[in-house]
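Everything below concerns the one structure shown next.
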Amino acid sequence: MLSIKNLHVTINDKPILKGLTLDINPGEVHAIMGPNGAGKSTLSHVLSGKAGYTVTEGSVTYNGKDLLELAPEIRAREGVFLAFQYPVEIPGVSNIYLLKAALNAMRKHQGLPEVDAMDFLTIVKSKVKLLQMDEKFLYRAVNEGFSGGEKKRNEILQAAILEPKLCILDETDSGLDIDALRIVSEGVNSLRNAERSFLMITHYQRLLDYIKPDVVHVLADGKIVKSGGPELALELEERGYSWLEGQAA
Amino acid sequence: MSGEAYLTEYPAIAARLPGVDLPWLQGFRKQALQDFGVSGFPGNREEEWRYTNLSALNKTLFAPSASQNVDEDWLNQYSLDDAASVVLVNGQFSASLSRLQDLSAQVSVSSLKQALQDRPAWLESRLGQAVTSAEHNLVAFNNAWFADGVVIEVVAKQQLDRPVQILHVVTQADALAATRNLFVLNEEAEAEIIETYVGSVGSYFTASVNECLLGRNAGLTLYKVQLEAEKAQHFGGTYVKQARDSRFNHHNFALGSGLARSDIHTGLDTAAECSLNGLFVAGKRQHIDNHTRINHLKPHGISREFYKGVLDNKARGVFQGRVIVAEDAQQTDSEMNNRNLLLSADAEVDTKPQLEIYADDVKCSHGVTVGQLEEKSVFYLQSRGLDEEAARNILTFAFANEMVDKVENAELKALLLKELLERFPAISL
């Protein structure tokens, strides 16, 4: 589904990713952990197509397509979803409007007709319930005045409605208290299925107690330096990252 | 001199203007003509006209037109079904297009021409009460040249049972449409009036002045919807005199014309309130200038002002908001805000809030911003599957829509939404 080969990325000529290789199969959940400045967020931004990053070497293949060639909105329509570390506030645009516009953009891309208004409401309301959100959130401006936890929940709500094939969670757990973390995690777990893959970027092992990964990677200095099963996360929790820095994958 | 050709032409026009048999009006016009003759149209050297160049008025001699031709199907798209309507075609009242039936007897709505015939003495004591030629020379010009207009009076304690729409339409190339409107709300009267300016030809000159006299505890909601044709020159002034406890709500939507200038001035007696909302949207080489003046003359007045501007291409916008708090006007509460969005590197906005406070116990604030669309917001929408153009349109639409959202008249709101969506084709919210 996603194959990243020897990816090198610079920001203003400064190398950030230095030969990152990663393969994710359908239905797998991968966690990427690593110290600050290792390039975790850069990876999520490059995959979703944010401007300001230069790929100097390597490739990213997504379902057989060269992902890096696609505009950000095409990636989204092809099923790549980024849950932002810092979701953006958009005054004047209601949540429900964005959800509907996004869903219809996706359906149009897939050659499907626009979603019926009643059907749409039914879908949205069931997902809102799943994430234990108040329906009022739908009619508020996107993320405006939301608490940190509400913003993160709102990201997962979008994912639940857009049903992506690849879901990138960029530090979705940071800033959440334990209750919010549990709700967000339950939302994520409810999205797991045999086809949908996840790439979770996180600082904290705590998230992995709630969302069980298939594979854990350690990203340090722009490369994956170690990969393993869920037990690797526990080891990191105990030993920190320093013993891995400077190691090759 | 600027405006000379108009002065030369004036004697030929004067005979056709209404009220030739009224000495007081002749005196009024003569004074205005003299004032105008001193310096003609306002020039850039005048502080209040620094950003707006009127030279186009001298390049073409715009002249009154008696034509009443109008494509009714085209005009209908701007007509509000739920409102009574007064239609002015090329500056002249059109009885056949206006719909004034079924307004209650407590309200008088007529053309200015008609009012000059029916009750000249009433007009004599009101015309020029809210503004004089000394304000600036476009007022002087209007005083001398106005050919018709609308007079609305609401009897004390009564309210208009439905809004009145004034549809000001120009259909003749190079026409001068000089209109004078007078809105008189007696004590505790209420009214909603919607001015709509449209044109079906490229180049013409609209010069209109509204005077609003609000009695004690009266309330006027006045909308101005300026959708003039692309090359039109539009000058519209609204001058308000607010008695004690009166309320004036103004919404100024400036979307059309090549060059437009609005002056919205109000003077507040004790505990009067005003709110001035505005949205100006300009593209291509449009120039839209908004001047507001809120004059707190007595204590306990409240004013709220919020203007937003959206400028694209090589367009230029001007916002000047002046708030004057007289020495006597203690306990004044005033807020002013102007936010501008520039969509291109060549667009420009000149914004100038001015607070002149002579009282010592007041609450006054002002804020101004000029910015661009945030790239992180554009990317956020793209990451949800919307293409870049749609993302930019949605964000721009959302910025502008905040002002349309304040419109309570549903039919008018729908008209404004349609106009906004034509400019920023987002999917409707």
Side-chain angles (χ1 to χ4, degrees), chain A residues 44-45 47-53 70-110 114-115 139 141-144 151 154-155 157-159 161-164 167-168 170, chain B residues 253 277-281 306-310 337-341 343 367 369-407 413 416-417 419-421 423-429:
Chain A
S44 72
H45 291 159
L47 293 178
S48 55
K50 192 174 180 185
Y53 299 87
L70 305 177
E73 63 270 22
I74 305 297
R75 298 182 197 196
R77 292 173 200 169
E78 292 274 337
V80 177
F81 182 91
L82 169 65
F84 282 59
Q85 181 180 4
Y86 303 111
V88 180
E89 296 191 8
I90 311 208
V93 178
S94 72
N95 240 338
I96 193 146
Y97 172 81
L98 174 60
L99 290 168
K100 196 169 175 194
L103 183 61
N104 280 332
M106 207 150 291
R107 289 176 65 91
K108 195 173 168 197
H109 186 71
Q110 293 159 358
E114 290 204 346
V115 64
Y139 301 96
V142 177
N143 294 323
E144 196 183 30
K151 283 181 182 171
N154 203 30
E155 295 290 285
L157 173 69
Q158 293 174 10
I161 286 158
L162 299 176
E163 306 192 310
C167 200
I168 303 163
D170 190 358
Chain B
F253 293 94
N277 295 305
L279 172 67
F280 50 105
V281 177
F306 190 17
Y307 264 69
K308 275 187 156 183
V310 179
N337 229 305
N338 170 229
R339 295 178 58 196
N340 302 287
L341 180 59
L343 299 176
T369 61
V370 179
Q372 298 163 336
L373 289 179
E374 290 204 53
E375 290 309 314
K376 66 177 183 185
S377 305
V378 176
F379 176 67
Y380 188 75
L381 294 180
Q382 280 183 283
S383 79
R384 298 300 179 252
L386 306 173
D387 63 52
E388 187 180 339
E389 198 189 334
R392 290 184 186 280
N393 280 331
I394 287 170
L395 294 170
T396 308
F397 177 86
F399 178 85
N401 190 41
E402 186 181 357
M403 301 319 293
V404 176
D405 241 4
K406 294 181 191 289
V407 172
K413 195 180 206 168
L416 289 164
L417 277 180
E419 290 291 331
L420 267 194
L421 286 170
R423 287 161 178 82
F424 311 108
I427 313 141
S428 67
L429 294 172

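In what follows, every chain begins at residue 1, and chains take the letters A, B, ... in the order their sequences are listed.
- By the 4.0 Å N-to-carboxylate-O rule, Glu144(A) lies too far from Lys151(A) to be salt-bridged with it.
- Per-residue counts of heavy-atom pairs under 4.5 Å with chain B were compared for Ala102(A), Pro87(A), Ala51(A); the largest is that of Ala102(A).
- Atom CG of Leu47(A) and atom CZ of Phe81(A) lie 14.0 Å apart (nearest 0.5 Å).
- The most heavy-atom pairs under 4.5 Å with chain B, out of Glu73(A), Arg77(A), Gln158(A), come from Glu73(A).
- Across Met106(A), Lys50(A), His109(A), the residue that shares the most heavy-atom pairs under 4.5 angstrom with chain B is Lys50(A).
- Classified by interplanar angle (parallel below 30°, tilted 30° to 60°, perpendicular above 60°), the ring pair Tyr380(B)/Phe84(A) is perpendicular.
- With Phe424(B) as the fixed residue, the side-chain contact (heavy atoms from CB on, under 4.5 Å) test singles out one of Val310(B), Ile394(B), Asn401(B): Val310(B).
- Pro72(A) touches chain B through backbone and side chain together, each having a heavy atom under 4.5 Å away.
- For Glu89(A), the part lying near chain B is the backbone, with the side chain staying farther off; criterion is any non-hydrogen pair under 4.5 Å.
- The backbone N or O of Phe306(B) lies less than 3.5 Å from no partner atom in the side chain of Asn337(B), so there is not a single donor-acceptor pair.
- Considering only heavy-atom pairs separated by less than 4.5 Å from chain B, the leading option among Leu82(A), Val88(A), Val142(A) is Val88(A).
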